[in-house]
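Predicted model, so just to flag it, every value in this text is computed and none were measured. Chain letters run A, B, ... following the sequence lines, proteins first, then strands; residues in each count from 1. Only this structure's heavy atoms are used, side chains among them; waters, hydrogens and symmetry mates stay out.
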Protein chains: 2
Amino acid sequence: MTLVTIAQASATTGVSAKMIRHYESIGLIKPPLRTENRYRHYAESDLHDLGFIRRSRDLGFSFEDIRQLLDLWRNKARSSAEVKAIALRHIKELDEKAAALAGMSRTLQSLAASCHGDKRPDCPILEALDHSIRGNP
Amino acid sequence: MTLVTIAQASATTGVSAKMIRHYESIGLIKPPLRTENRYRHYAESDLHDLGFIRRSRDLGFSFEDIRQLLDLWRNKARSSAEVKAIALRHIKELDEKAAALAGMSRTLQSLAASCHGDKRPDCPILEALDHSIRGNP
DNA sequence: GTTGACCTTCCCATGGTGGGAACCCATCTT
DNA sequence: AAGATGGGTTCCCACCATGGGAAGGTCAAC
């Protein structure tokens, strides 16, 4: 059983030491072993969990989602339907957020396209912010 | 000069009273007139600014951006190039964020597509979180 | 024995928004 | 006159995820 310090755990999992401590404080990971100096020492299974968490975060899952996903991962009697349901709901949220951002971008692009962008003060972008555009409340 | 209370200002501009006070506290809007009761009373120009801010927020601009946009709006000698530059930079940020979300969604969609979603525990989504997928570090 | 590189805990900040307490004020009804 | 209702006011706390930094303990090497 290889034990590593928090800095090494951070280096191998890509999770900052700050965040590792935070995950512990909110109960997302188990408190690790401590040496007699009270230094945290992580075992391989801890490193696995941290990697799991980092990859989940990379996919945009919230801590609450990750909590459930980790539980499911540990539960050998899980049903894949439960995992899939979490993923599908998350995909929906991601798509909604992306669509919202894309909508803003589209609106701004069309405004910017008709803005001269020179020394003159006239600007359809400011006009749009000035009074609401019909169709874009 | 019509003066309205904070609740009326909120109703006509779509900005919550809470946020109106917040905007004032961070210096985004000028402190409004006060009656002898210390009630805030807003003039038409204040309402304009609040509407301007709300529409800017709807387009995803940060407070710092809005501060500059409001300054440019007030400055009759502005150049539209300055406004356009802020908008273009913001469009870039929006597009980057949207692309990041879309990327997460795409990855999850392909994983979910190959997940049975039944009572069996096997699940490519959990496998992906378990150990990094090649090409998706 | 000192330097420097770790570790520990604790508090504070971000950005944008909301909740709620505790209190003041105005008006309408009993 | 008293009280209910529905404003207003300030102030603090919460979210989510992350980072900064202070103040101090511990260990290695030189």
Side-chain angles (χ1 to χ4, degrees), chain A residues 3-29 31-42 46 49-50 52-70 89-90 93-94 96-97 100-101 104, chain B residues 3-29 31-42 46 49-50 52-70 89-90 93-94 96-97 100-101 104:
Chain A
L3 294 177
V4 298
T5 67
I6 198 168
Q8 291 168 319
S10 171
T12 63
T13 63
V15 181
S16 73
K18 210 92 192 189
M19 276 301 102
I20 295 177
R21 294 194 193 94
H22 183 57
Y23 294 167
E24 180 186 339
S25 83
I26 63 170
L28 193 53
I29 57 175
L33 295 171
R34 300 276 191 143
T35 62
E36 81 283 355
N37 325 326
R38 306 210 32 82
Y39 283 19
R40 289 170 177 83
H41 268 214
Y42 295 91
D46 297 324
D49 286 1
L50 288 172
F52 187 102
I53 292 170
R54 189 187 56 73
R55 287 182 287 274
S56 301
R57 293 286 312 134
D58 287 348
L59 288 174
F61 284 107
S62 70
F63 286 172
E64 205 33 57
D65 283 344
I66 298 175
R67 215 181 288 272
Q68 295 180 42
L69 290 170
L70 261 177
R89 192 195 24 68
H90 184 49
E93 289 171 4
L94 288 170
E96 283 168 1
K97 282 187 201 161
L101 295 176
M104 296 176 195
Chain B
L3 295 176
V4 298
T5 67
I6 197 168
Q8 291 168 319
S10 170
T12 63
T13 63
V15 181
S16 74
K18 209 96 192 186
M19 277 299 102
I20 296 177
R21 295 195 192 94
H22 183 56
Y23 294 167
E24 180 187 339
S25 81
I26 63 170
L28 194 52
I29 59 174
L33 295 171
R34 300 275 191 142
T35 63
E36 80 285 353
N37 325 327
R38 308 211 28 83
Y39 284 19
R40 289 171 177 83
H41 269 213
Y42 294 92
D46 297 323
D49 287 1
L50 287 172
F52 187 101
I53 292 170
R54 190 186 56 72
R55 287 182 287 274
S56 302
R57 292 286 311 136
D58 287 348
L59 288 174
F61 284 107
S62 69
F63 286 171
E64 204 33 57
D65 282 344
I66 298 175
R67 215 181 288 272
Q68 295 181 43
L69 290 170
L70 261 178
R89 193 197 22 70
H90 184 50
E93 290 171 5
L94 288 170
E96 284 167 1
K97 282 186 203 163
L101 296 175
M104 295 176 195

Hey, does the side chain of A/R57 come within less than 4.0 Å of D/dA17's phosphate (OP1/OP2), counting only N and O? yes

Proximal nucleotide (of C/dC7, D/dA17, C/dT9) relative to the A/A7 side chain: C/dC7

Regarding the side chain of A/R40, the nearest nucleotide among D/dT9, C/dT9, C/dT17 is C/dT9

Counting the atoms with a prime plus P, OP1 and OP2 as sugar-phosphate, which does B/Q8 contact under 4.0 Å by heavy atoms, base, sugar-phosphate, or nothing? nothing

Does a salt bridge link A/E24 with A/R21, judged by any charged N lying under 4.0 Å from a carboxylate O? no

Let's see if you can work this out: which of C/dC7, C/dG16, D/dT18 has an atom nearest to the side-chain heavy atoms of A/F63? D/dT18

Looking only at side-chain atoms of A/N37, point me to the closest of C/dT9, C/dC7, D/dT26. D/dT26

Suppose we call a contact any N or O donor and acceptor under 3.5 Å apart; does that hold for the side chain of A/K18 and the base of D/dG21? yes

Sugar-phosphate, base or nothing in reach of B/R21, heavy atoms under 4.0 Å: base

Using a cut-off of less than 4.0 Å, is there contact between a side-chain N or O of A/S16 and OP1 or OP2 of D/dT18? no

Would you sort out whether B/Y23 and B/V15 count as a side-chain contact (heavy atoms from CB on, under 4.5 Å), showing the intermediate values? CA-CA 10 Å; B/Y23 294 167; B/V15 181; 3.6 Å; yes

Hey, does A/Y23 reach any base, or is it just sugar-phosphate, or nothing, if we go heavy atoms under 4.0 Å? sugar-phosphate

Measure from the side-chain heavy atoms of A/M19 and tell me the nearest of D/dC27, D/dG19, C/dT17. D/dG19

Proximity to the side chain of B/R34 - top-ranked nucleotide from C/dC25, D/dT10, C/dT17: D/dT10

So, is A/S62 near the phosphate of D/dC16, with a side-chain N or O under 4.0 Å from OP1 or OP2? no

Do A/Y39 and D/dG25 have a side chain to base donor-acceptor pair shorter than 3.5 Å? yes

Less than 4.0 angstrom from a charged side-chain N to a carboxylate O is my criterion; do B/E93 and B/R89 meet it? yes

